[in-house]
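For reference, the structure discussed in these notes is given below.
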Amino acid sequence: MYGFWGWDTFRLALEATWELQVFIIGTMGDEEHVHVCNKEGSNGERLFNVSHFPIFAVKNGSQSDLYLSLSRYRTAKGNNRIVDKSLDFDQVDRETNWDDQILFTAILHYLAAYILPNGRNIAIWRTDGVIITIVLHAFVVEFLYYWLHRALHHHYLYSRYHSHHHSSIVTEPITSVTHPFAELLAYIFLFSIPPATTTVTGIGSQAAIFGYMIYIDFMNNLGHCNFEFIPKWFFSVFPPLKYLMYTPSYV
């Protein structure tokens, strides 16, 4: 009985509910969305704004699955492995619920679109919003992330939270999102600073928000593969690149 009415069934029901809402609003509309659309947005923007949940979930899932498949293929092949070991069952079991965070962050993204000012009427593109997103990440998010990560390696927080993440010796892309709930909340809050700031100030755009999410997930997945995706000679040719990304050797 639990197998049918468990978490997986709840996830499917939740996803179906959101997809139905997107279909209804996108095809027939409702009074509030039509009013906002007529004032400041096109029909395409209206549909895109209410499609946050399925777009976010599909983007995260497909991006993670792609890197996971590539990482496991390279790990099984045995070429350029950083940690020359195979996956153990304990790690597989510990990371088996990695996709729960996709649904959780998608729900938060959906709620933010309804709670934040300007959240339901975001333009497709704004150059100033893209620039501010880059600046906030480089000078605010990276700074806070550095000190948060250092704090998580303090023995008090490490033993209670971060050790769960580092229990995975042969890292995979999904290792990057295998955290205790409290730590996951801290990361979500941190990486929400650029999109939330640009949205509240009215300069946010769909391109900046989803482009930023794709970048964050790309770096996270790349940094937890068990092989070097970027050749070392590439960093010798372009030394500043080491300030813009990290690789598994530095995880």
Side-chain angles (χ1 to χ4, degrees), residues 1-15 56-108 145-191 213-214 216-230 232 245-251:
M1 193 72 175
Y2 175 78
F4 180 78
W5 294 106
W7 172 240
D8 289 337
T9 304
F10 173 74
R11 288 196 301 178
L12 291 175
L14 191 59
E15 292 167 5
F56 185 92
V58 170
K59 190 278 300 179
N60 266 16
S62 58
Q63 191 174 2
S64 298
D65 283 337
L66 175 64
Y67 272 95
L68 180 60
S69 300
L70 177 61
S71 176
R72 288 187 173 176
Y73 167 74
R74 293 293 298 271
T75 298
K77 191 175 181 180
N79 293 341
N80 301 323
R81 288 196 298 188
I82 297 173
V83 178
D84 194 15
K85 295 181 180 180
S86 59
L87 291 171
D88 59 56
F89 289 110
D90 289 338
Q91 177 176 336
V92 174
D93 291 340
R94 186 171 53 255
E95 297 179 347
T96 190
N97 63 343
W98 67 272
D99 56 338
D100 287 352
Q101 56 83 29
I102 294 179
L103 180 61
F104 179 65
T105 51
I107 292 173
L108 292 181
Y145 178 81
Y146 171 80
W147 287 106
L148 172 62
H149 201 191
R150 286 199 61 170
L152 287 171
H153 278 264
H154 184 273
H155 63 85
Y156 181 85
L157 294 178
Y158 185 86
S159 61
R160 290 165 173 78
Y161 297 100
H162 203 50
S163 58
H164 179 79
H165 172 71
H166 282 285
S167 296
S168 300
I169 305 301
V170 182
T171 59
E172 296 189 291
I174 58 176
T175 306
S176 65
V177 292
T178 303
H179 302 287
F181 184 69
E183 187 175 342
L184 180 63
L185 283 178
Y187 288 131
I188 291 175
F189 173 78
L190 181 63
F191 292 117
M213 292 175 180
I214 291 173
I216 293 299
D217 290 337
F218 174 77
M219 287 289 103
N220 251 339
N221 292 329
L222 182 68
H224 288 82
C225 291
N226 191 32
F227 65 92
E228 288 295 355
F229 190 80
I230 308 295
K232 291 183 178 180
M245 63 180 299
Y246 70 98
T247 67
S249 296
Y250 300 106
V251 175

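Count residues from 1 along the sequence. Side chains included, hydrogens not; waters and symmetry mates left out as well; all remaining heavy atoms used.
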In Å and rounded to the nearest 0.5 Å, what is the CD1 to CD1 distance from Ile216 to Ile214?
11.5 Å

Within the 6.0 Å centroid threshold, strictly below: Tyr187 and His179:
yes

Quick one: pull up CD in Glu183 and OG1 in Thr178 and give me the separation to the nearest 0.5 Å.
10.5 Å

Please confirm whether the ring centroid of His149 lies under 6.0 Å from the ring centroid of His162.
yes

Derivation of the side chain to side chain donor-acceptor pair (under 3.5 Å) call for Ser167 and Gln91:
CA-CA 8 Å; Ser167 296; Gln91 177 176 336; over 6 Å; no

So, for Leu148 and Ala186, which heavy atoms are closest and what is the spacing to 0.1 Å?
CD2-CB, 4.3 Å

Which residues share a side-chain contact (heavy atoms from CB on, under 4.5 Å) with Phe218, sequence neighbours left out
Gln63, Tyr67, Leu222

Which residues pass the side-chain contact (heavy atoms from CB on, under 4.5 Å) test with Ile169, not counting sequence neighbours?
Val83

Check this for me: Phe104, atom CZ, are more than 12 non-hydrogen atoms of other residues, nucleotides or ligands nearer than 6.0 Å?
yes

So, for His165 and His224, is the gap between ring centers shorter than 6.0 Å?
yes

State the CG-CD distance between Leu185 and Gln101, to the nearest 0.5 angstrom.
12.0 Å

Please assess Cys225 against Thr171 for the test side-chain contact (heavy atoms from CB on, under 4.5 Å), listing each intermediate value before the final yes or no.
CA-CA 6 Å; Cys225 291; Thr171 59; over 6 Å; no

For Tyr158, does the OH atom sit with more than 12 other heavy atoms under 6.0 Å from it, leaving out its own atoms?
yes

Of all the heavy-atom pairs spanning Pro173 and Ser176, show the shortest one and how long it is.
O-OG, 2.6 Å

Can you give me the closest heavy-atom contact between Ser168 and Thr175, atom names plus distance?
CB-CG2, 3.7 Å

Within this structure, what is the OH-CG distance for the pair Tyr145 and Leu190, rounded to the nearest 0.5 Å?
8.5 Å

In Å and rounded to the nearest 0.5 Å, what is the CG to CD distance from Asp90 to Glu95?
11.0 Å

Looking at CD of Glu172 and OG of Ser69, how far apart are the two atoms once the value is rounded to the nearest 0.5 Å?
10.0 Å

May I ask you to test the Phe189-Leu184 pair for a side-chain heavy-atom distance under 4.5 Å?
no

Residues 152-165 vs salt bridge (charged side-chain N to carboxylate O under 4.0 Å, His left out), sequence neighbours excluded, gives none

